[in-house]
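These notes are about the structure you will find just below.
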Protein chains: 2
Amino acid sequence: MLELRLVQGSLLKKVMESIKDLVNDANFDCSATGFSLQAMDSSHVALVSLLLRSEGFEHYRCDRNLSMGMNLGNMTKMLKCAGNDDIITIKADDGSDTVTFMFESPTQDKIADFEMKLMDIDSEHLGIPEAEYHAIVRMPSSEFARICKDLSSIGDTVVISVTKEGVKFSTRGDIGTANVVCRQNTTVDKPEEATIIEMNEPVSLTFALRYMNSFTKASPLSSTVTISLSSELPVVVEYKIAEMGYIRFYLAPKIEEDEEDNKS
Amino acid sequence: MLELRLVQGSLLKKVMESIKDLVNDANFDCSATGFSLQAMDSSHVALVSLLLRSEGFEHYRCDRNLSMGMNLGNMTKMLKCAGNDDIITIKADDGSDTVTFMFESPTQDKIADFEMKLMDIDSEHLGIPEAEYHAIVRMPSSEFARICKDLSSIGDTVVISVTKEGVKFSTRGDIGTANVVCRQNTTVDKPEEATIIEMNEPVSLTFALRYMNSFTKASPLSSTVTISLSSELPVVVEYKIAEMGYIRFYLAPKIEEDEEDNKS
DNA sequence: CCTTATCGAG
DNA sequence: CTCGATAAGG
């Protein structure tokens with residue numbers, strides 16, 4: 001028996017909006033710890049890792065670990081039927097091949113339940129080792145989204161280079177080149193507007209903008225984004241989910257032929 | 001000679017927006033009582049009935065009964081040329097095969113007239129008998145619209161079931177099922193937010209969501225909608241038009257094979 | 001937060 | 001051309 005009651009239902013709606021374009025089907029894993037998902041994108045290039053901790057739910061009952069295979073498109077359709085300030089409850093009976101989403105309007109006058117078929121999905125659950133990163137950049141999520149969108153109108157890939165002074169996003173395309181530099185800046189009115197760079201070692205890595213632009217769909221979940229970079233490691237783009245956990249996107253850097261001199 | 005002056009011209013614009021997708025051509029009937037229309041939708045499944053009483057017009061002159069066949073698409077095009085707070089006057093000379101729409105801006109700085117050709121349309125004017133309904137539900141029109149839209153992302157038909165406690169809207173589709181229950185609720189701040197159920201007998205009927213979603217295009221005309229249901233009778237979905245009349249949509253229930261036991 | 005208007009995609 | 005999604009206003 002599973003029953004998870006999330007008062008701020010819009011969180012789940014936003015989570016789905018941010019991964020449904022990347023992943024078609026995935027297993028949601030439910031344990032005493034929380035509600036989580038780990039999945040490769042459909043072209044097996046990027047990885048999504050979601051955690052919603054049990055403490056973030058108003059009510060969290062999960063009698064035994066459960067892995068529920070869902071079609072994220074269908075799940076998104078159903079969640080779109082929830083109002084933005086509805087309370088969402090996820091329910092599943094043991095051994096059932098369906099999951100039920102219940103939406104309660106704030107006034108309790110309207111109660112909806114949507115039942116969705118579950119599916120069997122093979123998935124290797126990858127252990128993701130904690131790693132030391134050469135550089136960690138924290139910046140406003142909207143600014144990162146804007147930069148990725150802007151650069152993708154010029155080129156297909158972005159080179160992210162971090163030095164003590166700042167982080168540079170560069171691209172190159174048929175019509176020209178573009179560089180956007182964000183200086184470290186901690187002297188802002190609001191902490192979420194800061195750009196903070198923790199750097200042990202300069203790093204410069206190339207990524208496909210197509211994926212970056214997918215990741216930025218999670219921007220509504222958090223006002224800041226954290227980008228963790230190490231040479232030869234996948235970049236981690238993380239959006240914290242207030243009081244609950246995070247959504248993290250992993251993407252391997254491109255090894256560019258004309259950047260051999262970046263290798264040490 | 002016909003001359004109808006409607007100060008709140010936006011009413012007529014909204015009326016046209018709410019029926020132009022359902023009906024292509026129709027006769028507008030003009031008498032001392034008012035300006036009215038009755039028409040089957042193009043697939044002869046639903047029926048629209050509009051009444052704008054003469055008292056609702058600032059000036060209403062209709063020397064003799066007149067039936068004017070109009071192409072509603074063309075009429076809508078012309079009405080779109082009226083500002084939302086323009087005064088609209090409908091004019092027709094006796095025996096003329098045209099109708100003129102005159103739009104006056106509130107400041108009288110701009111006066112437009114659009115002349116449209118009339119057409120001959122056969123139409124059996126159906127007498128719609130007043131009926132006793134098993135159940136009448138009044139609820140916010142926006143809520144009804146939202147429910148029909150949400151359910152149509154899951155299935156094609158909606159089962160509307162009324163009990164004393166509330167009204168339930170249900171559907172079923174490939175990806176799962178959905179039920180939305182609205183409880184009777186009269187204790188709200190504003191009367192137009194209430195959900196009121198008058199029920200003589202429980203009723204459960206099935207309708208095509210495609211038509212329901214067409215009907216809800218009339219939501220801007222009224223903050224509440226009234227749904228009148230009886231087994232074996234067409235449902236009536238009514239939007240009152242303040243001070244003037246109503247627009248009513250009639251739709252026959254589907255007789256579902258697997259619901260034979262609903263028949264008494 | 002809901003409604004409406006404008007824009008972009010299929 | 002219709003629709004959905006987004007952005008602005010109430």
Side-chain angles (χ1 to χ4, degrees), chain A residues 7-22 72-74 76-88 103-110 112 141-142 145-146 148-150 152-153 210 213-214 216-221 223, chain B residues 8-24 41-43 71-74 76-77 79-86 139-154 156 180 182 188-195 209-225 239 242:
Chain A
V7 174
Q8 198 183 341
S10 59
L11 271 188
L12 195 60
K13 294 180 56 144
K14 288 177 189 165
V15 163
M16 293 312 299
E17 288 300 324
S18 74
I19 58 179
K20 69 158 210 293
D21 293 335
L22 216 48
L72 301 193
N74 292 343
T76 304
K77 262 191 196 173
M78 290 193 168
L79 254 20
K80 278 196 179 150
C81 302
N84 270 328
D85 46 5
D86 282 2
I87 297 167
I88 298 182
F103 310 141
E104 299 166 70
S105 71
T107 57
Q108 301 285 322
D109 290 337
K110 179 173 143 189
S141 56
S142 56
R146 176 64 194 261
C148 291
K149 176 174 155 284
D150 286 350
S152 59
S153 73
R210 177 179 154 219
N213 276 312
S214 264
T216 61
K217 296 276 200 292
S219 299
L221 282 165
S223 54
Chain B
Q8 199 183 343
S10 60
L11 272 187
L12 195 59
K13 294 180 56 144
K14 287 178 189 166
V15 164
M16 293 313 298
E17 288 300 324
S18 73
I19 57 179
K20 70 159 208 295
D21 293 335
L22 218 46
V23 181
N24 295 325
D41 85 289
S42 19
S43 50
N71 175 288
L72 301 192
N74 293 340
T76 304
K77 270 189 194 168
L79 254 20
K80 277 196 180 149
C81 303
N84 269 328
D85 42 8
D86 281 5
M139 62 190 294
S141 56
S142 57
E143 191 168 339
F144 179 61
R146 173 69 193 261
I147 291 167
C148 291
K149 176 177 151 285
D150 283 350
L151 293 193
S152 59
S153 75
I154 308 293
D156 298 327
V180 180
C182 297
V188 287
D189 295 346
K190 299 170 187 169
E192 64 265 32
E193 289 171 0
T195 297
L209 276 166
R210 175 179 154 220
Y211 289 100
M212 286 292 170
N213 276 312
S214 264
F215 302 166
T216 61
K217 295 277 201 293
S219 299
L221 283 165
S222 174
S223 55
T224 64
V225 61
Y239 298 84

Problem set entry | Heavy-atom check, side chain of B/Arg146 versus side chain of A/Lys110, under 4.5 Å | yes

Problem set entry | Length of the CG-C1' vector between B/Leu221 and C/dT3, whole Å | 15 Å

Exercise. Rounded to the nearest Å, what distance is computed from the NZ atom of residue B/Lys14 to the P atom of nucleotide C/dA5?
Worked result: 9 Å

For this session: Find out whether A/Lys217 and A/Asp21 are in side-chain contact, i.e. whether some heavy atom of one side chain is under 4.5 Å from a heavy atom of the other.
Result: yes

Exercise. Which whole-number value in Å describes the distance from A/Asp21 CG to D/dG4 P?
Worked result: 16 Å

For this session: For residues A/Thr107 and B/Glu193, determine if any side-chain heavy atom of one lies less than 4.5 Å from a side-chain heavy atom of the other.
Result: no

Exercise. Between B/Arg210 (CZ) and D/dT2 (C1'), how many Å, whole number?
Worked result: 14 Å

Exercise. Does the side chain of B/Cys182 reach to within under 4.5 Å of the side chain of B/Glu143, using non-hydrogen atoms?
Worked result: yes

Problem set entry | Gap between atoms CG and P, on B/Asp189 and C/dC2 respectively (whole Å) | 15 Å

Polar-atom pairs under 3.5 Å, protein N or O versus N or O of nucleotides 5-10 of chain D: list them with distances, or write none.
residue: D/dA5; atom: OP1; partner: A/Lys80; partner atom: NZ; Å: 2.9

Seminar exercise, completed: Sorted by chain and number, sequence neighbours left out, ring pair (Phe, Tyr, Trp, His ring centres under 6.0 Å) with A/Phe103 holds for A/Phe114

Problem set entry | Nearest-nucleotide 5' precedence on DNA chain C, A/Asp85 against B/Asn84 | A/Asp85

Exercise. OP1 or OP2 of C/dC2 sitting under 4.0 Å from any side-chain N/O of B/Ser142?
Worked result: no

Problem set entry | Sub-4.5 Å side-chain heavy-atom contact between A/Ile19 and A/Leu72 | yes

Problem set entry | Nearest-Å distance for atom pair NZ/P, residues B/Lys190 and C/dC1 | 15 Å

